[in-house]
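Note on naming: letters A, B, ... go to the chains in the order of the sequence lines (proteins, then strands), and numbering restarts at 1 for each one.
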Number of protein chains: 4
Amino acid sequence: MPVSPRRADTRRNRERILVAASESLKRTGVVSYNAIAKRAEVGVGTVYRHFPAPEDLILAVYDREVQHLVEVVPSLLARHSPEEAFRTWVVGHLAHYMMTKRGLSAALRAGDLPKYTSMLDALDALRQANVDAGTIRPDLTTETLMRSLGGLFFLTEDRWQAEAEALVDLVWRGVHDSR
Amino acid sequence: MPVSPRRADTRRNRERILVAASESLKRTGVVSYNAIAKRAEVGVGTVYRHFPAPEDLILAVYDREVQHLVEVVPSLLARHSPEEAFRTWVVGHLAHYMMTKRGLSAALRAGDLPKYTSMLDALDALRQANVDAGTIRPDLTTETLMRSLGGLFFLTEDRWQAEAEALVDLVWRGVHDSR
Amino acid sequence: MPVSPRRADTRRNRERILVAASESLKRTGVVSYNAIAKRAEVGVGTVYRHFPAPEDLILAVYDREVQHLVEVVPSLLARHSPEEAFRTWVVGHLAHYMMTKRGLSAALRAGDLPKYTSMLDALDALRQANVDAGTIRPDLTTETLMRSLGGLFFLTEDRWQAEAEALVDLVWRGVHDSR
Amino acid sequence: MPVSPRRADTRRNRERILVAASESLKRTGVVSYNAIAKRAEVGVGTVYRHFPAPEDLILAVYDREVQHLVEVVPSLLARHSPEEAFRTWVVGHLAHYMMTKRGLSAALRAGDLPKYTSMLDALDALRQANVDAGTIRPDLTTETLMRSLGGLFFLTEDRWQAEAEALVDLVWRGVHDSR
DNA sequence: GATGAATGAGGATTCATTCAT
DNA sequence: CATGAATGAATCCTCATTCAT
C-alpha cells in the first residue's frame, strides 16, 4: 500500500475490517486475520490492533449485523398485531439472518447463543407484546423461545421460506395462550 | 475359507481411525488427517485410503455415534406411551447427543442436518407412533419437527436438562393433536 | 531558572524505559521496542527518540546495572586486603551479576565484552591494588584477567557460589605473584 | 522443488539441514526454521520432522561441530607432552571453535555449558593425562577447568590468538601442580 | 518532544496431500 | 494395503520502524 493519510481514518479502518470479516464469515465461516487484512486493504497488524482476539472480531461483526434485527422490532409492533409482528420478524428477518450467518453461528462456538443479548432483547420485546395482548403464555423464558427457533440455522437454501413458516407455525402453537 | 488376516487388520484400522476421529471432533471440533493418523497409530495414507475426503470421515463418525440414538427407539416405544417415548428420547438421548456433538455439528457445515437420515428415521418412528395414537397432528413434516429441536445444539453446559425439558414442552404443545 | 517540566518528564521517561528494558532483558533475554514501550507506559516513538538503536538501549541498561559493581570497589578496598577485596568482588558481586544478566550477555552479542569499560575499570582498580601490594603479577592485562572470569556467565543456578569460588581459586593461583 | 526421489535420501536431508543450520548459527547466531529450510532446499515441514524443537536442532549442530574437537585429542596426546597437548588443544582448536560458534553459545542459553558432555570428555582426557604426569593438580573439577576457559567465547576477531595464549598462560599457572 | 496507529516483513507452526518404498 | 517422509501453502502472530497528529 503506497503513501496515504494514516491516523485520519482509524474509524474508517475499523469499518473496513468489519465489512471484510463479515464477508469472510458469510462465505467461508472462518476468519483468517491475514485474509481479512488483505480484503480490507489493511496491514495484518492493524486488524490485530483493533481486534486482539478472534472473539473480539466475531462479536463485533455479530453486533453490527444484528443491529437491523433489533431496530426493526418497534416498527413491526407499530404496524402489525403482536402475533403478526412476531411471525413477520421470525420469517422475514430472523430466518434470513440465520440462513446467511451460519458461519457466524459456527464461529461463535455454539452455546453462546444466550450471549446474543441484543437479539434476545429484540425477541423479548415481541414476546412481551404478545404476553400483554394475551396471545403468548406468560410463563415462558425468552431463552426457551429463542431455542425453539434454533432450527432456523438449518434452513435449506432453496426452500427456506416455507420451512421457516412451518417452523414458526409449530412454535406459535407451542407458545400460544389458548385459555 | 478363513477371513484373511489382512482383512481383519483393515477392519481394525477403520475402527481405530473412527475412534480417534471421534475424540478429536469431541475435543477440538476439528479433524486433522495427520493428528488422527497419529492418534490411531496408523499411517496418514491409511486414513486417506479409508476416507478419501474429510466429509467421508465426518459422516462415518456421525453414523457411528448416532447408531445408539436409532437403536434405542424401539425399546422406548415398547416400554412407554408414544408421548413418553418421544419426550424421553428427546431429553434423555437426543439432547445429550447434541450437547456433546457440537463439534460434529460445526464440522458438518450446518444445513446438512437433513442428511442425517438415520436420525430422521428414528425421529420419524416416534412421530408416526404418536400420529397413530392420535397424539401428534398428522400434518407435520419430520423435517420440521427435527428443526424445532435444533435448539438442542445450544444447550447450556450446566442446565441443559432443564432447558431441554422446557424446549420439549414447548414443542409438544406445538405438535400435539388437540382435537 | 527552574527545570522545565518538559525536561523533568523527559528524564522520567528515560528512567521508566530503562527499568522496563532491564526487566525484559532479565526475564526473556530479549528487547522489543513495542513491549518496552507498553511496559513503560510510553509511546514507541518515545523509546526510539531516547534510544535510536537497540544497542543504545542495551548498553544503557548495562551501564545502569553495572553501576553498583563499580561503586562498590573503593569500599571493598578500604575494608579488606587487596586479595580479599578481589575475591569478594568476584564471588560476592560479579558472579551474581553475571548469573542474572545472562540475557544481557547474549543481547550484547559476545565479543563486546571489552566494551564494558566501566566494569573493566572496576576490575582494573582491584588488579592495580594487588599489583601494588605485590600480590598479583604486574605483567597481566586487565582484559586477560576479565576473560579468565568469563566462565561466570555459565554458572549453575543452584551451585553458583561454590562454582564461583572454585573458579576464583584457580584464577588467583594463575595471577598470584609467587616470587 | 520439482520431482525428485524422496524417501531415498532422508539421511541426506538431515545432513543438509545441519549444514544449513550450522551456517545460520555461525552467521546470525539465530536459527529460523524457514531460513534453514530455504538454505537446505528442503520443505519447512521436513526440518520440523527431523528436529521438532529448536533445541534439538541446536544440539545436533553442536554435536556435529564438536566432533572434531573430541577426535583430535588422542593424536595430540600421542604427539605432544601432556602440557603441550593441553595448550595446543585450547589455543589451536577450542579457541577457534568458540570464536566461530558464538552464535551457538548464545542459542544454547548459557548455563547449559555443562551439558556439552562430549567437549567435557575431551577436556577431561587432557586433564587426566596431565594429572597422571603430575603437571596438573589432582584436585580440580573438569567443570571448573572448562569454566576457566569460558572467556574464549569473548575473543576479539583480530587478536584472538594472542588473547587465547594469554588466557591459557594464566589458566596453566592456575592449574599447574607446582609441588 | 510525545504519542500511538499503521504497515508489512518475517518467523513459527500446522496440515492436506502425494508418493516412494 | 500400509507406511510415513516430504512438500509447501496457509495461518498465526510479533516486531521494527515510520509518520501523522
- Item | Separation of atom CZ in D:Phe51 from atom C1' in F:dA6, rounded to whole Å | 15 Å
- Message: Given F:dA6, E:dA6, F:dA2, identify the nucleotide with an atom nearest to the side chain of B:His50.
- Response: F:dA2
- Query: From the list E:dA9, F:dT7, F:dT3, which nucleotide is the closest neighbour of the side chain of D:Val42?
  - Reply: F:dT7
- Which nucleotide sits closest to the side chain of D:Asn34: E:dA12, F:dT14, E:dG1? E:dA12
- Message: Using the side-chain contact (heavy atoms from CB on, under 4.5 Å) criterion, which residues pair with B:Asp63? Sequence neighbours excluded.
- Response: B:Ser118
- Note on the structure: Taken to the nearest whole Å, CZ/A:Arg14 to P/E:dA6 is 12 Å
- Query: How close or far is atom C1' of F:dT7 from atom CZ of D:Arg12, stated in whole angstroms?
  - Reply: 19 Å
- Taking C-beta and beyond as the side chain, do A:Leu152 and A:Tyr97 meet within less than 4.5 Å on heavy atoms? no
- Across the strands shown, which category fits C:Thr46 at heavy-atom distances under 4.0 angstrom: base, sugar-phosphate, nothing? base
- CZ of C:Arg49 versus C1' of F:dA16: gap in Å, rounded? 17 Å
- Note on the structure: Between C:Val44 and D:Ser32, the residue closer to the 5' end of DNA chain E by nearest nucleotide is C:Val44
- Nearest-nucleotide pick for B:Tyr33, side chain only, options being F:dC12, E:dT17, E:dT13: E:dT17
- Message: Is it the case that over 12 heavy atoms from other parts of the model lie below 6.0 angstrom from the CZ atom of C:Arg39?
- Response: yes
- Figure out the CD1/C1' separation between A:Ile36 and F:dC12, and round it to whole Å. 12 Å
- Nearest-Å distance for atom pair CD/P, residues B:Glu41 and F:dA2: 16 Å
- Go through E:dG4, F:dA2, E:dA9 for me and flag the one nearest to the B:Asn13 side chain. F:dA2
- With side chains defined as the heavy atoms from C-beta onward, is the minimum distance between C:Ile36 and C:Leu57 less than 4.5 Å? yes
- Task: Take atom NZ of B:Lys38 and atom P of E:dA16, then tell me their distance rounded to the nearest Å.
- Result: 12 Å
- Message: Can you identify which nucleotide, out of E:dT3, F:dA2, E:dA2, has its nearest atom closest to the C:Thr10 side chain?
- Response: E:dA2
- The dot-bracket string of DNA chain F, counting Watson-Crick and G-U wobble pairs with both distances under 3.5 Å, using [ ] for crossing pairs and | for pairs to another strand, is .||||||||||||||||||||
- Atom pair distance, as rounded to whole Å: CZ in B:Arg16 and C1' in F:dC1: 16 Å
- Task: When you get a sec, tell me which of F:dT7, F:dT14, E:dA2 is the closest nucleotide to the side chain of A:Tyr48?
- Result: F:dT14
- Hey, does B:Met119 have a side-chain heavy atom less than 4.5 Å from the side chain of B:Leu69? yes
